[in-house]
Structure formats: C-alpha cells, structure tokens
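Side chains are part of it too, since the values below use all heavy atoms of this structure and drop only hydrogens, waters and symmetry mates.
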Amino acid sequence: MELILWRHAEAELGEPDEGRALTPKGHKQAAKMAEWLDRNLPESCRILVSPATRTLQTVEALKRKYKVHADLAPNMSAADLLRAANWPDSREPVLIVGHQPTLGLVAAQLIAGQAQEWSLRKANVWWIAQRERGDVTTNYLKAVIAPELLATAGKQHPR
C-alpha cells in the first residue's frame, strides 16, 4: 500500500479553527503541490480530506474527486487516520489531506515504528510505501516534497 500525507497549505490565524481559510501564499503552495501530485498520483488513488476549510481549499487545487472524512479533522488520532485510509490493507494508494500533529505521528509510526512527534511542514507531501520481500513487509519513505522546491510552470529555479 502507498499512503500519501499532504499537510494543508498556509492558513490564516483565527477561530474557529476549522473555519480558517488559506492565505494567498497558501493558495500558491497548494497549486504547486497539486500540479506535482497530479503528474505523480495514480488515477486509482483515493483522496480523503479533513472537513476543515483550509484542507478543502488545499485539495481543491488538485481538481480531482475527493471524499471528506470526519476522522481526519484536526486533533484526531493517528489510529483514526490509519483506519480511514484502511492502512495497510487498501488495494489502491490513498492521499490524505490533513493536519499536524496527526500527520507527523502517522509518519513516525509507519517509518520509525514508534510514536514520535514528527513535524510535516505546511503544504509538504510525504509519500510512504510498503515493500514486500519474502515474508517481510517494511515501510519506507518514497518521497518528501516541499512546494518551495518545485518550479512554477514555465519557470525553473536558478542553479
């Protein structure tokens, strides 16, 4: 199984927490990551999103069908997220658009094998996959992508 964790892009401060919208910078971050994801995600990928405004605005940049899932709301547990994704039994890749600290807890559990408070930066994508060798299944980090490392369409970063 492949699990892709996408933290929402930069959002405004304020209350209520679930109603916070993306900033102009956040919209740019979401667009850059969505462009990269659209090129790299399999068509069969299921997309699950927190009901918070900032995650909905982040995923809308991807322009693919998605499902809002209450178990991905802010402050839900790593177990809730993994259950929503059907980890490790899903037959297709799953993209989760969610929040800290849950995404970091999931990444640590799957990669390091223990509960640790890892931090995924805003708008970053962590792509976790499984490898089977004989009777042994291991999880590994396939990619970590940050929007500031992606060139905008038609523009390359200076070298």
To the nearest 0.5 Å, what is the distance between [atom1] on [X] and [atom2] on [Y]?
X	Y	atom1	atom2	result
Cys45	Asn40	SG	CG	11.0 Å
Glu60	His27	CD	NE2	9.0 Å
Leu110	Thr138	CG	OG1	12.0 Å
Arg20	Leu13	CZ	CG	6.0 Å
Thr23	Lys28	OG1	NZ	9.0 Å

Q: Going by the side chain to side chain contact (heavy atoms under 4.5 Å, CB included) test, name the single residue among Leu72, Val49, Val125, Leu103 that passes it with Val97.
A: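 Filter result, single survivor: Val49.
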
Q: Ignoring hydrogens and angles, state whether a donor on the side chain of Ser50 or His69 is under 3.5 Å from an acceptor on the partner side chain.
A: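 No donor-acceptor contact under 3.5 Å links the two side chains.
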
[Y] and [X], any side-chain heavy atoms less than 4.5 Å apart:
X	Y	value
Arg83	Asp80	yes
Leu48	Leu95	no
Arg7	Asn124	no
Leu120	Val144	no
Trp127	Leu5	no
His8	His99	yes
Leu82	Gln109	yes
Arg54	Asp17	yes

Please give me the minimum heavy-atom distance between [X] and [Y], naming the atom from each residue.
X	Y	answer
Leu22	Gln57	N-OE1, 2.6 Å
Ser119	Trp126	O-CZ2, 4.2 Å
Lys32	Pro147	CD-O, 3.4 Å
Gln116	Leu105	O-CD2, 3.3 Å
Gln130	Pro88	NE2-CB, 3.5 Å
Met33	Ala123	CG-O, 3.0 Å

Using modelled atom types only, decide if a donor and an acceptor are shared between the side chain of [X] and the backbone of [Y] within a distance under 3.5 Å.
X	Y	answer
Ser90	Asn86	no
Ser44	Glu92	no
Asp71	Ala84	no
Thr55	Gly98	no
Arg46	Ala85	yes
Gln100	Gly104	yes
Thr102	Met76	yes

Take atom [atom1] of [X] as the centre, draw a 6.0 Å sphere, and report whether it contains more than 12 heavy atoms from other residues, nucleotides or ligands.
X	atom1	result
Arg39	CZ	yes
Gln114	CD	yes
Asn75	CG	no

Please determine if [X] and [Y] form a salt bridge, counting it only when a charged side-chain N lies under 4.0 Å from a carboxylate O.
X	Y	result
Glu148	Arg121	yes
Asp38	Arg64	yes
Lys122	Glu10	no

Group every Ile, Leu, Val, Met, Phe, Trp and Tyr by side-chain heavy-atom contacts under 4.5 Å, then state whether [X] and [Y] land in the same group.
X	Y	result
Ile145	Trp118	no
Ile4	Met1	no
Val68	Val59	yes
Trp87	Leu141	yes
Ile96	Tyr66	no

